[in-house]
Student: 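Structure provided below as structure tokens; questions to follow.
In what follows, chains carry the letters A, B, and so on, assigned in the order in which the sequence lines appear, proteins first and then strands, with residues in each chain numbered from 1.
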Amino acid sequence: MTRTIHLSLDINGQSHALDVEPRVTLLDALREHLALTGTKKGCDQGQCGACTCHVDGQRVLSCLTLAAQVEGRQITTIEGIAAETGELHPVQAAFLEHDAFQCGYCTSGQIMSAVACIKEGHAGSDDEIREYMSGNLCRCGAYNSIVSAVREAAEAAR
Amino acid sequence: MRDFSYSRAGSLDEARQATLAPGALLLAGGTTLLDLAKCGVTEPETVIDITHLAGLDAITVDEEGIAIGALARMSAVADHPGVQAALPAVTQSLSLAASAQLRNMATIGGNLLQRTRCSYFRDPATFPACNKRNPGSGCSAIGGVTRNHAVLGTSEQCIASYPGDMAIALVAFDAVLDLGTRQVPVEDFFLSYADAPEEETVLKPGEMILAVKLRNSAAGMRSTYLKVRDRQSYEFAAASAAVGLEFEDDGRTVKDIRVALGGVASKPWRARAVEQALVGKPLEADTVAWAARLAMDGAVSYSDNLYKIELAPRVVTRAILTVGGLA
Amino acid sequence: MTIMEPRKHGSAADGFVGGRLSRFEGQMKVTGAATYALEYPVENLAHAVLVQSTIASGRVVSVDKAEAQAAPGVLLVLTPEDDLGLMTKSDWFGNRPDNEPYAPLPREISYNGETIAAVIAESREQAVEAIKLLRIAYDETPGVADLHDPKAGDGKVMDNLSVSWGDAEAALAASAVTIEAEYQTPREYHVAMEPHGLTAKWEGDQLTIWEPSQWTHAMALNYAEWFGLPPDNVRLISTFVGGGFGSKGAALAYGAVAASAARKLGRPVKLAVTRPQNFTSYGGRAATRQTIKLGATKDGVLQAIVHRGASETSVTTDYPEQTGAATPILYKVENYSSQSRVVPVNTVTPGALRGPGKNPSAFGIECAMDELANKLGMDPLELRLKNYADRDYQTGKPWSTRMLREALTQGAEAFGWSKRSHAPRSMREGRQLIGWGIGCGTFPVIQAPSAAMIRILANGRVEVVSGAIDMGQGTYTILAQTASEALGVPVDQIDVLLGDSRMPGSAIAGGSMLAGSITGAVHKTAAAARDELIGLALNAPNSPFRDTGANTLSVAGGRISVSSGNGPSMSLPELMTAIGQSELEVTRNTLPDDAQGATDQNAAWTSMKRVQGPTMGEFSMHSWCAHFAEVRVDEDFGTVRVSRMVSAFDCGRLYNPKMVESQWRGGIIMGIGQALFEEGMVDGRNGRTVNNNVGDYLVPTNADIPDLQVISVGVPDLNASALGGKGVGEVGIVGVAPAIANAVFHATGKRVRDLPLTLDKLI
């Protein structure tokens, strides 16, 4: 017997209704049920950071979060951080300028993590950026450029 | 992941009552529960979300000490200046754990209850034998790849290692867990995996960790958490040490010292033998190195993890010398 | 065709070749709009989940699937008992056995983690849960866990890999100074951030596959052959690829399973290979060991190299990881002998992982050179320069270009090598021992043909169309730059369409052969399109250029003009409107004129038949690099941190230095992971890779990586490719691990000869 529950999720400022099993993670809800595929599945085990999005402004791993858990919270994904005019978020623009990605698969998670890293005040030095961005693996090896991009965006935000 | 029902606890009592039902598990940060549910290690029938309960995430710091609500997030505690001032070892143990995202999710109560990273424990489909999962079935790790396994507090029943960082610091500073109906010193809360690997803590159905309480101490203020691992970040400890130190007025004789080890034992491991060997003695590098070796009394290796017996005392030594101003 | 004068690296501010254009598809990637294979919206999807074996060797006696079949949402359970009716596909070289059935869910098990069943359900969650209800009975037979298993033995000699010239043994015996050592590398894995998987959809006998691919045409053919379909009936779409590193070049068993399930169910099936399953669904780099003996004169002139290597392979296929690949070409040596073995063990057949062969090979020879330098009391940089190879001693051919001397000297200069204190254990800061090491690397120039299409549309936009793929190397970007330069159209007027087997064929994105090949094809096609455009402008009845008397026209900045400047000048849309042309489409390829038939073309885009090795012409052609690493080793803990690296590369001309530098750094970072962390841990009892996840199989995090300085010392090499580039993707990793191992020796005085350099080996 499969039970489904009805959820209403606030994602990027919009309300999304869906019927899912309680065991469905936020990550699968986004990708498989809501066609918000910008959030990536890299390991599904909390080990890579590709699925990073924001819940109430805090960066979290959506693969270890139940969709049901975040009803009533504000969820932000990579699709929701650019301006409504389409202008890129400064972190997105810095990633593009610094070539802070290659294949692009970890990029959504990196950017969501970077936005939070700056907001948390953990982008004060290159070493601090490295440490606080270490929850996002990048196998293409864009780490130098990620640090440059985060540094530049952090300086601009000051 | 097994299909389960999900509900939100309306009150603390409701949450505690719910745990009396078989197959019911509380959901806080979810970082352990969902991970193990995906591995097939944990198969709850009912998941009771407690994250919406109010008032359980407070962090209070006063002249007496610190009280941390069980639902406080690891990141909130790590970033709390009062905790940093009173117990830098606790702050550091949190900052060096997991990743920023996981620290935003995991709660203090859940962090204490995280379970071993033993590869054999985590792969039931391939390794049915595991005394922790299935008492009496045997231990698949013994005879396998044991690089990350414990050397202290083990037995032929189980050689898994307790994975956490914060609990190491809590054990060093005699934290007490508020379980509502009773107060349990954190050191007594954890059970070594040696005797009955399936029982990891003294927490009973109907109980919940409500808060962690720490008393201020001079040793706490002069403390550190040193974590050694191959990767610079986002990895469990190969060996770690939480250390606190108080000198006599002469500034060199040890008045109070706290030493606990992580990454090497089946539970957060207080090294009292090391402490006793150093109290009353002047802090000197050779003495510390000698005393640190006492932490490994009774250590047993299954070959791949032999290095831990060598490494752990060195970590203890460096940590003590660091807080003592000698490193 | 016209070859443009190469521009100085990085100086081009415009969108032409050599410019530091930002990633063409970057905006899509930073906004989450780039759609990867498993993200295509497909109606009525069913979800397949794989079941892998939990024994290394034996057979599946039975699978009781009744309970699983009855579980909620379950649509289908496939086991070895199901005959899927598939036929074996061709190998890399286009050879295919006649009438040989193929069972992607085999009954005979040859490694732990082999796919043996699949459950297909309405949701992935349901399928995963139903797997627990399968009752699989095995008949287990003794297996060989890995290369270290005493039962593994010495394996068999691969005769085609034996190389010798001069008399190495005699020269070694006569040498004043010799060293001998054994070097080992463990199993290593690609760990692309995008896990493998696909969606398969049938419409009649037409099959569409959305799957990350390093070679769309070849993988589409794989499916066609399995299912007995005409090649054109399969379309494989791979617009974005979340990293491959050698793992996504061919269709794999799970693909056959998903497509079979889709056919049986009559509805599309999505199959996501889980992260743990990725460790055994395809082969990573095989574990290797090699013994190297070097002989030299007292003043460090190399006299002999004797190399004996072995790598593990599966029990079904001989796949050698060639530990002798770099050994013969890095140094001048008159006497050389090399022999390679493969040792069958119960593992998935190993595969190509960044810098295949060259990478473990360089670990051996570059550590050995460091050992020799130490024994001679000579600076390892000086030893390398002293034995600089003036030609390829294996073939006797001259190098096309080899700027390795410049890489060594300019890298050393940038690193500050001259300040090195040469004695081991002579540099420190507190408890941190500091060491500096060198490692050189190389990767061959491999050439292959490609095709491309250019479409000039009435609105003036230009489409560059190719089945080639971009997994982060920058294919989108450099093709836009190539077309822009050759056509004379601004880069922002260009669209690049890639990653679809319906598009013109190309070389594989592997072996660093794609960029050189596909830029050549696009350049040729764009030049032809420009010529056609000019021809139309001069000859079309309504063209304003018809009566100018010009015999050619210029195209620049998206405008077509009379070259003298005296006459009309029009934008492309204006011209297209004036001459009533709705579209101009040109397709060209770089196959020779005698190979333009359909059979030759199909073979070129789907097999290695037309691939040329580095010494098949009159030159020996390779990319080169020299890495300089500084490490800090904690004296008490044995932890190694790379604190600084400078790497100098000769990769010929760089089509886009920004993208090239990213790839070089990526290779270096993977090399740092290989040096410090990466190792498949195999349980000796059942051959299981127990660290089959990224929490236990460690790859570098951001915190492990210092600023990496990369320098280009290359010059255009027009023997290597049409536009003068040599490969950049593979070479970056080669030589990194030995540079770090040599630095660790310099720091600690301890020589660790088996990777990775974990703390337990150094305390």
Side-chain angles (χ1 to χ4, degrees), chain A residues 1-2 21 23-24 28 31-32 35-48 50 77-79 81-82 86 88-89 91-93 95-97 99-109 111 126-127 129-147, chain C residues 22-23 25-36 38-39 41 45 47 72-73 123-126 190-195 240-245 272 274-276 470-474 658-659 661-663 665-670 693-695 699-708:
Chain A
M1 185 196 71
T2 295
E21 295 178 335
R23 62 181 158 181
V24 170
D28 287 327
R31 288 173 63 83
E32 305 293 339
L36 288 167
T37 57
T39 306
K40 303 303 182 196
K41 182 181 280 192
C43 72
D44 211 23
Q45 304 182 276
Q47 298 173 340
C48 79
T77 70
I78 188 69
E79 290 93 345
I81 62 166
L88 295 180
H89 186 283
V91 173
Q92 290 174 310
F95 266 62
L96 190 50
E97 171 60 27
D99 203 35
F101 55 91
Q102 292 179 44
C103 81
Y105 200 78
C106 74
T107 310
S108 303
I111 290 174
D126 285 2
D127 278 348
I129 293 169
R130 285 190 186 101
E131 170 58 30
Y132 279 85
M133 289 298 292
S134 278
N136 293 82
L137 302 180
C138 169
R139 188 58 160 166
C140 296
Y143 292 135
N144 279 189
S145 313
I146 290 168
V147 172
Chain C
S22 284
R23 213 164 276 275
E25 77 291 7
Q27 175 111 3
M28 296 179 79
K29 287 179 174 172
V30 300
T31 55
T35 305
Y36 294 78
L38 294 187
E39 298 167 354
L45 268 180
H47 295 262
S123 77
R124 190 184 56 82
E125 290 85 351
Q126 290 169 328
H190 304 85
V191 196
M193 294 311 300
E194 177 197 33
F240 293 102
V241 185
F245 313 113
T274 68
R275 178 55 67 185
D470 191 332
M471 54 182 168
Q473 333 90 292
K658 188 168 181 169
M659 244 123 275
E661 288 163 8
S662 288
Q663 271 213 85
R665 289 198 178 94
I668 294 164
I669 290 169
M670 207 178 269
N693 60 81
V694 291
V699 301
T701 66
N702 202 320
D704 294 297
I705 304 304
D707 280 332
L708 304 170

Student: Once you measure the plane-to-plane angle for C:Tyr36 and C:Phe240, does it fall in the parallel (<30°), tilted (30-60°) or perpendicular (>60°) bin?
Tutor: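 Tilted.
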Student: Scan side-chain atoms only and decide if A:Ser134 and C:Asn702 contain a donor-acceptor pair under the 3.5 Å cut-off.
Tutor: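 Absent: no donor and acceptor within the cut-off.
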Student: For chain C, which of A:Gly42, A:Ala50, A:Ala82, A:Gly135 has the most heavy-atom pairs under 4.5 Å?
Tutor: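 Top count of heavy-atom pairs under 4.5 Å with chain C: A:Gly42.
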Student: I need the residue from C:Val30, C:Asn693, C:Ile669, C:Thr31 with the largest number of non-hydrogen atom pairs under 4.5 Å to chain A.
Tutor: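 Among the listed options, the one with the most contacts to chain A is C:Val30.
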Student: Specify which of A:Gly46, A:Gly38, A:Cys103, A:Gly141 makes the most heavy-atom pairs with chain C at under 4.5 Å.
Tutor: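 The residue among A:Gly46, A:Gly38, A:Cys103, A:Gly141 with the greatest pair count is A:Cys103.
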Student: Sort C:Gln27 into side chain, backbone, both or neither according to what part of it lies under 4.5 angstrom from a heavy atom of chain A.
Tutor: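 Both backbone and side chain.
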Student: Would you say A:Gln102's side chain and C:Ser662's backbone share a donor-acceptor pair under 3.5 angstrom?
Tutor: yes
Student: What part of C:Pro706 gets within 4.5 angstrom of chain A, counting heavy atoms only: side chain, backbone, both, or neither?
Tutor: backbone
Student: In terms of heavy-atom pairs under 4.5 Å with chain C, which of A:Leu96, A:Thr37, A:Asp99, A:Thr39 leads?
Tutor: A:Asp99
Student: A:Glu131, A:Met133, A:Glu32: which one forms the most heavy-atom pairs within less than 4.5 Å of chain C?
Tutor: A:Glu32
Student: Heavy atoms, side chains only, cut-off 4.5 Å: are C:Lys658 and C:Arg23 in contact?
Tutor: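 Sidechains of C:Arg23 and C:Lys658: no contact.
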Student: Under 4.5 Å from any heavy atom of chain A, what part of C:Val241 do you find: side chain, backbone, both or neither?
Tutor: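 The backbone, not the side chain.
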Student: Between C:Glu39 and A:Arg31, does any NZ, NE, NH1 or NH2 come within less than 4.0 Å of an OD or OE carboxylate oxygen?
Tutor: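 A salt bridge links A:Arg31 with C:Glu39.
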Student: Quick check against the 3.5 Å criterion: does A:Gln47 have a side-chain atom that pairs as donor or acceptor with the backbone of C:Val694?
Tutor: yes
Student: I'd like to know which of A:Ser145, A:Cys140, A:Ala35 tops the heavy-atom pair count under 4.5 Å against chain C.
Tutor: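 When all of A:Ser145, A:Cys140, A:Ala35 are compared, A:Cys140 has the most.
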Student: Please flag which part of A:Val24 lies under 4.5 Å from any non-hydrogen atom of chain C: side chain, backbone, both or neither.
Tutor: both
Student: Could you tell me which portion of A:Asn136 (side chain, backbone, both or neither) has an atom closer than 4.5 angstrom to a non-hydrogen atom of chain C?
Tutor: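 Neither part; nothing is under 4.5 Å.
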Student: Taking NZ, NE, NH1 and NH2 as the nitrogens, is one of them in A:Arg130 or C:Asp704 under 4.0 Å from a carboxylate oxygen of the other?
Tutor: no
Student: Of the non-hydrogen atoms in C:Gly242 and C:Ala192, which two are nearest, and what is the gap between them?
Tutor: O-CB, 3.6 Å
Student: Let me know if A:Gln45 has heavy atoms under 4.5 Å from chain C in its side chain, its backbone, both or neither.
Tutor: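 Contact with chain C involves the side chain of A:Gln45 alone.
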